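Everything numeric here is computed off the predicted structure, so don't read it as measured data. Atoms within a ligand are numbered from 1 in the order they appear, just like the ligands themselves.
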Amino acid sequence: MPVQGATKYDYNSKSFWFYPWGKSVTHKGVDIFAKKGTGINSSVSGFVLYAGEIGFGGKFVLILGPKWRVHYYAHMHELKTSSFSFVNRNSTIGTVGTSGNASGKPPHLHYSILTMIPYVWKIDSDKQGWKKMFYLNPIEYLKK
Ligand SMILES: [Zn+2]
């Protein structure tokens with residue numbers, strides 16, 4: 001659980017691949033709601049590919065973790081790590097906010113897990129179902 005103190009009541013267990021979802025068409029992650037400024041911990045040990053700010057994601061961090069999986073944390077209020085650094089599991093990497101296209105919405109962390117190795121058996125007939133070979137359902141990992 002990347003948001004400090006959050007539980008299963010702080011996210012919707014059906015929010016992965018929710019459709020329709022604006023310009024992205026489907027929601028390729030989970031939104032975990034918390035008070036602005038709540039700490040965000042890395043869910044894996046890994047290498048920070050990018051920590052910065054860009055349009056829709058706002059302030060975000062991309063971490064390459066085990067199994068060639070990239071963990072995406074978006075809409076942060078503050079970044080607490082930097083590009084090209086190593087983080088441990090549970091290192092604080094930022095705080096919950098509303099940056100990017102979360103502006104005007106309740107503060108939350110958008111969390112996605114992408115695999116750089118395509119999992120072709122995950123493809124299904126949902127809208128954009130072929131993209132499921134790259135986007136894993138983070139909710140399956142939150143429960144552990
Ligand atoms: Zn989201």
Tell me which N, O or S atom of [X] sits nearest to the Zn ion (ligand 1).
X	result
D31	OD1
H27	NE2
H110	ND1

Exercise for the section: Would you please classify the geometry between the F86 ring and the F47 ring as parallel, tilted or perpendicular, with 30° and 60° separating the classes? Expected result: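 Ring orientation of F47 relative to F86: tilted.
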Exercise for the section: Look at the aromatic rings of H75 and H110 and report parallel, tilted or perpendicular, splitting at 30° and 60°. Expected result: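 Geometry flag for H110 against H75: perpendicular rings.
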Handout entry: Matching residue for K28 among F18, F134, W17 - test: side chain to side chain contact (heavy atoms under 4.5 Å, CB included)
Key =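 That would be W17.
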Exercise for the section: Taking atom CZ of F33 as the centre, report whether more than 12 heavy atoms of other residues, nucleotides or ligands fall under 6.0 Å from it. Expected result: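 Above 12, so yes.
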